[in-house]
Protein chains: 2
Amino acid sequence: MILKSQVEWALHCCAILAGLPEGRYLSTKALAELHGLPKEYLSKALQSLSQASLVETTLGPSGGYRLAKTPSDINFLEIVEAVEGKARSFTCTNIRANNPCRPEGYCDSKPCAVARIMWEADEAWRDTLRRVRLSDLVGTLSEEVPADIWRSTFEWVLKRAG
Amino acid sequence: MILKSQVEWALHCCAILAGLPEGRYLSTKALAELHGLPKEYLSKALQSLSQASLVETTLGPSGGYRLAKTPSDINFLEIVEAVEGKARSFTCTNIRANNPCRPEGYCDSKPCAVARIMWEADEAWRDTLRRVRLSDLVGTLSEEVPADIWRSTFEWVLKRAG
DNA sequence: GGTTTTCGGATATGATATGTCCTTAATTCC
DNA sequence: GGAATTAAGGACATATCATATCCGAAAACC
């Protein structure tokens, strides 16, 4: 049970987009080169963010992506679910229904007890991600990343933002 | 990010094993027929449980599997990790290291902030599973499954246990 | 009009989950 | 002792999905 690498890419890209000056866009090409990622494939992750209305896009030169909301209004779960999907990690195939001792046509009143427990754990995972805002990540990064690297990184991307 | 179906199978099998009389074994064949699962493939899941020392085995007729510990000494996480593995759901490829603005040979003092958040969510998932004991599942099942189905199911499997 | 960009479709490839088959060794039953 | 049964595990086949690349269309900018 491993998350797509696109999840990692999307989170890092959102962190960069969160630090952009108001109104500026950043292209797939710039984000791919900054992170050393395949441009065409990263594009799919960014499209997922766009479909989830987490980012806005514009075409043409100096076009690209910017956040559609303030970093404090975006949480981790939104980003993760945008590229990974909203499906639960445990899928119940209801194998209890194959029990040969069950009367024909018997109908369960509740979902399977095994599934309920697994879904509860899934919710705990989602709750944790829901409680972390993109602005929290940006705060941590600006504390931990040395100031000169942090500053020159944004100079670097802005130079490519036209 | 979907768990293997073997996780579901293993959990249901453990629930049945937990209800067996002391000292009795249940074969792969019986467990597979009870749940309507492919015998050969289910065998792989049971082997995983065996390697994790959650179940004990014996060979020959009337052989098979039984729990190696009391149901209250087995939690969900042990079973899930036995078949799914202990690897975290988020793998950090450290793409921050590709940032062209980083000085050559620069070394990070901490793991990536993105990864730390994702791992925290992973821990929340594992904590939830760790807190649920196999005996809790058995308790829920014996409450919710109609008593006659519950009883005839164990008569059915015991008939196949030799 | 030419360039740059997002977006989506089509396709290829590799890894992994799923499923089957077969052999070996141990145990039980007759 | 011999036959039947079982777990264990290796070999193999198949299907699904993640990863990756390429292309064409439409939109924006110069």
Side-chain angles (χ1 to χ4, degrees), chain A residues 1-10 13 17 23-33 35-66 68 80 82-85 87 89-91 93 95 160-162, chain B residues 1-10 13 17 23-33 35-66 68 82-85 87 89-91 93 95 157 160-162:
Chain A
M1 189 193 53
I2 305 274
L3 290 166
K4 304 179 190 172
S5 53
Q6 296 209 351
V7 171
E8 183 185 12
W9 304 355
C13 287
L17 293 179
R24 301 292 287 276
Y25 291 88
L26 206 49
S27 71
T28 306
K29 186 158 172 284
L31 287 167
E33 288 177 2
H35 293 118
L37 302 174
K39 179 171 92 71
E40 311 281 354
Y41 194 34
L42 172 63
S43 168
K44 305 294 183 185
L46 298 173
Q47 285 175 37
S48 297
L49 295 179
S50 176
Q51 286 171 351
S53 299
L54 296 176
V55 299
E56 294 171 342
T57 69
T58 191
L59 296 178
S62 83
Y65 296 87
R66 72 177 177 198
V80 171
V83 324
E84 187 68 34
S89 61
F90 181 87
T91 56
T93 62
I95 63 177
R160 268 142 235 266
Chain B
M1 188 192 57
I2 305 274
L3 289 165
K4 304 179 192 174
S5 52
Q6 296 208 352
V7 170
E8 182 185 12
W9 304 355
C13 286
L17 293 179
R24 301 292 287 276
Y25 292 87
L26 206 50
S27 72
T28 305
K29 186 157 172 284
L31 286 167
E33 288 176 2
H35 293 117
L37 302 174
K39 179 171 93 72
E40 311 281 353
Y41 194 33
L42 172 63
S43 168
K44 308 291 184 184
L46 297 173
Q47 285 175 36
S48 298
L49 295 179
S50 177
Q51 285 171 351
S53 300
L54 295 176
V55 299
E56 295 171 340
T57 68
T58 191
L59 295 177
S62 81
Y65 296 88
R66 71 178 177 198
V83 323
E84 186 67 35
S89 61
F90 181 86
T91 57
T93 62
I95 63 177
V157 298
R160 267 141 237 265

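All values reported here derive from a predicted model rather than from experimental measurement. Just so we're on the same page: letters track the sequence lines, and every chain starts at 1.
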To the nearest angstrom, the OH-P distance between B/Tyr25 and C/dA26 comes to 16 Å
Picking from C/dC7, C/dT18, D/dT21, which would you name as closest to the side chain of A/Tyr65? C/dC7
Proximity to the side chain of B/Ser27 - top-ranked nucleotide from C/dA17, D/dC29, D/dA7: D/dA7
Validation row: B/Leu46, B/Cys13 side chains within 4.5 angstrom (heavy atoms): yes
Using a cut-off of less than 4.0 Å, is there contact between a side-chain N or O of B/Ser62 and OP1 or OP2 of C/dT28? no
Are any of the side-chain heavy atoms of A/Lys4 and A/Trp9 separated by less than 4.5 Å? no
Between C1' on D/dT6 and CG on B/Leu31, what's the gap in Å once rounded to a whole number? 13 Å
Give a yes or no on whether a donor-acceptor pair under 3.5 Å exists between the nucleobase atoms of C/dG19, that is its base, and the side chain of B/Lys39. no
Could you tell me the separation between the CE atom of A/Met1 and the P atom of D/dA18, rounded to a whole number of Å? 14 Å
In whole angstrom, what separates A/Glu40's CD from C/dG8's C1'? 12 Å
So if I take every side-chain heavy atom of A/Tyr41 and compare against D/dA18, D/dC29, C/dT27, which nucleotide ends up nearest? D/dA18
Rounded to the nearest 0.5 Å, the CD atom of A/Gln6 sits from the CG atom of A/Leu37 at a distance of 10.0 Å
C/dT5, D/dT5, D/dA20: which one has an atom nearest the side-chain heavy atoms of A/Leu59? C/dT5
At under 4.0 Å, does any side-chain N or O of B/Thr57 touch on OP1 or OP2 of D/dA8? yes
Taking only side-chain nitrogens and oxygens of B/Gln47, does any of them come within less than 4.0 Å of OP1 or OP2 of D/dA7? no
For a quick check of understanding: with a heavy-atom distance under 4.0 Å over all strands, which category does A/Glu56 fall into, base, sugar-phosphate or nothing? nothing
Take the protein atom CG of B/Leu3 and the nucleotide atom P of D/dC17, then report the distance between them rounded to whole Å. 15 Å
OP1, OP2 of D/dA8 versus side-chain N and O of B/Gln51: anything below 4.0 Å? no
By nearest atom, which of the nucleotides D/dA7, C/dC7, C/dT18 is closest to the B/Gln6 side chain? C/dT18
Just to confirm, is there a sub-4.0 Å distance from OP1 or OP2 of C/dT18 to any side-chain nitrogen or oxygen of B/Ser5? yes
Is there a donor in the side chain of A/Thr93 and an acceptor in the side chain of B/Glu8, or the other way round, less than 3.5 Å apart? yes
Looking at OG1 of B/Thr28 and CD of B/Glu33, how far apart are the two atoms once the value is rounded to the nearest 0.5 Å? 11.0 Å
Atom CG of B/Leu49 and atom P of D/dG9 are separated, to the nearest Å, by 13 Å
Please compare A/Gly64 and A/Lys44 by the position of their nearest nucleotide in DNA chain C and report the one closer to 5'. A/Gly64
Measure from the side-chain N and O atoms of A/Glu84 to the backbone N and O of B/Met1, and report whether any donor-acceptor pair falls under 3.5 Å. yes
Determine the contact category for B/Ser50: base if any of its heavy atoms lies under 4.0 Å from a base atom, sugar-phosphate if only primed atoms, P, OP1 or OP2 are that close, otherwise nothing. sugar-phosphate
Roughly how many Å is it from CG in A/Leu26 to P in C/dT5, rounded to a whole number? 11 Å
Under 4.0 Å between any heavy atoms, over every strand shown, what does A/Glu84 touch: base, sugar-phosphate, or nothing? Just pick one. nothing
Nearest whole angstrom, please: distance from the C1' of D/dA18 to the CH2 of A/Trp9. 10 Å
Does B/Thr58 have a side-chain nitrogen or oxygen under 4.0 Å from the phosphate oxygens OP1 or OP2 of C/dA26? no
Quick note, B/Pro38 side chain, CB onward, closest among D/dA28, C/dA17, C/dG19 is C/dG19
